[in-house]
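Heads up, the thing below is written out as structure tokens.
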Amino acid sequence: MSVSNKEKFETDGYVIIDVLTETEIGEFRALMDALISPKVKSADTEKRSSSFQHLGDEIRDFGKEARQYYFHLLTKPGTETIHHAFHHPVILKAVEELIGPNLIVNNASILAANEGTEYSLGWHRDIIQIPQAEIEDWLFSPERFHNSVQINLPLVDENSLWVVPGSHNRPNTEAENQAFQGSKHYAPIGVEMPGGIAVPLKAGQAVLYNNNLIHRGFTETMKIPRRTLHMGYHSAAYPPTWHFYLLNGDLLTPEYMTTLSPTMRGMMEEYLACREQYPDMSQTWKRAYNFPDEQLV
């Protein structure tokens, strides 16, 4: 009997789907290269393990250093040509199957690096926004609905994402705690994680994964440039998680909104409405926020 994407996602914490046609891969690759000016090459070959990705890089800086770059898109004027990737019907249908309807995009980025780059990001769950003293085991339980899906959609074959299958719905094991070496945010770079496996993807395939999954980014020297679309969504049918706040809503000014396509402008209006409804990120990891029915007992 075949296993549905939802069943696999709930069991393993991730699922791989086919998204783009060969024609779409070529079109998106051309759009991405037009944005990042890949002819810029760094004379600096010093190995850099990673950038602090949540802050985002400036597109004009691509290639100046020998590292992977992370570009936020939906709040960056001049990136509108590639925004339709974030309402691709195959993506939206797959995410709705996993977490529910009325999707709101909360992350839209490019992961890019030139050929010859080495990339390593320590093992982690996506909980950097939560102070370590406030990270509790119940956040990683099957009883708590994690209203977020994160996606990597590469435009070239890649093998950068590594995961620990099934780790999204449980606290760390003792061996995993040892690997994290006292941190609840990131394990030291170079530390191996018990049960960690690579997730190879073909160009045009997407991996959809639970942000609570233990995962890392890692490649040895890239033989081809990395060109990956990265995105995140939650369902407006449920309260959002801390991942919702990755977009800088202050940059979605009325003037900027007029530059967006009608579809993307509507999605950003929905994002801002949700921001007004849930203005305080610090509530999202509180137990009462995640289990409101407990207050009625």
To the closest 0.5 Å, what do you measure between [atom1] ([X]) and [atom2] ([Y])?
X: I189; Y: W123; atom1: CD1; atom2: CH2; value: 13.0 Å
X: N106; Y: M267; atom1: CG; atom2: CE; value: 10.0 Å
X: N290; Y: E136; atom1: CG; atom2: CD; value: 10.5 Å
X: R226; Y: D157; atom1: CZ; atom2: CG; value: 12.5 Å
X: T79; Y: K76; atom1: OG1; atom2: NZ; value: 9.0 Å
X: T241; Y: N212; atom1: OG1; atom2: CG; value: 8.0 Å

Return the minimal non-hydrogen interatomic distance between [X] and [Y], and the atom names on each side.
X: R265; Y: T258; result: NH1-O, 4.1 Å
X: R275; Y: G249; result: NH1-N, 4.1 Å
X: M264; Y: L74; result: SD-CD2, 3.8 Å
X: I151; Y: A206; result: CG2-CB, 3.9 Å
X: L31; Y: T81; result: CD1-O, 3.6 Å
X: P101; Y: S235; result: O-OG, 2.6 Å

Find out whether [X] and [Y] are in side-chain contact, i.e. whether some heavy atom of one side chain is under 4.5 Å from a heavy atom of the other.
X: I59; Y: Y69; answer: no
X: Q283; Y: Y278; answer: no
X: M222; Y: E115; answer: no
X: L121; Y: Y186; answer: yes
X: L111; Y: F71; answer: no
X: H87; Y: L92; answer: yes
X: H185; Y: Q132; answer: yes
X: M268; Y: V105; answer: yes

N/O donor-acceptor pair under 3.5 Å between [X] side chain and [Y] backbone:
X: H215; Y: L213; value: yes
X: E176; Y: T173; value: yes
X: H88; Y: V90; value: yes
X: N152; Y: H230; value: no
X: S183; Y: F180; value: no
X: E7; Y: S4; value: yes
X: N147; Y: P239; value: yes
X: R227; Y: A113; value: yes

Is there a path of hydrophobic side-chain contacts, each under 4.5 Å between heavy atoms of I, L, V, M, F, W or Y residues, that connects [X] with [Y]?
X: I224; Y: I25; answer: no
X: M231; Y: F28; answer: yes
X: L155; Y: L35; answer: yes
X: L161; Y: V19; answer: no
X: Y245; Y: F86; answer: yes

Establish, for the pair K8 and Y14, whether the NZ or CZ atom is under 6.0 angstrom from the six-membered ring centre and no further than 45 degrees off its axis.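 The answer is yes; both the distance and angle limits are met.
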Please determine if R144 forms a cation-pi arrangement with F291, meaning its NZ or CZ atom is less than 6.0 Å from the six-membered ring centre and no more than 45° off the ring axis.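 That pair does not qualify as a cation-pi contact.
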May I ask you to say whether [X] pairs ionically with [Y], meaning some side-chain N is under 4.0 Å from a carboxylate O?
X: K286; Y: E134; result: yes
X: R67; Y: D61; result: no
X: R170; Y: D137; result: no

So, [X] versus [Y], ring centres under 6.0 angstrom or not?
X: Y271; Y: F244; answer: yes
X: W242; Y: H146; answer: yes
X: Y119; Y: F218; answer: no

Using the side-chain hydrogen bond (donor to acceptor under 3.5 Å, both in side chains) rule, take T75 and N248 through it: C-alpha gap first, then chi angles, then the decisive distance, then the call. CA-CA 7 Å; T75 52; N248 185 347; over 6 Å; no
Any chance you could lay out the side-chain contact (heavy atoms from CB on, under 4.5 Å) test for Q129 and L246, step after step, and finish with the verdict? CA-CA 10 Å; Q129 299 96 325; L246 284 171; 3.8 Å; yes
Show the numbers, then the answer: is there a side-chain hydrogen bond (donor to acceptor under 3.5 Å, both in side chains) between H234 and H243? CA-CA 9 Å; H234 73 271; H243 311 293; over 6 Å; no
Flag yes if more than 12 heavy atoms outside K93 fall under 6.0 Å of its NZ atom; otherwise flag no.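 It does not: K93 NZ has 12 such atoms or fewer within range.
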After noting the C-alpha distance and the side-chain angles of E158 and T228, does the key distance pass the side-chain hydrogen bond (donor to acceptor under 3.5 Å, both in side chains) rule? CA-CA 9 Å; E158 74 161 40; T228 296; 2.6 Å; yes
What class does the angle between the rings of F9 and H168 fall in, given that below 30° is parallel, 30 to 60° is tilted and above 60° is perpendicular? tilted
For the pair Q150 and N107, evaluate side-chain hydrogen bond (donor to acceptor under 3.5 Å, both in side chains) and give the outcome as yes or no after the intermediate values. CA-CA 8 Å; Q150 184 164 228; N107 190 9; 4.5 Å; no
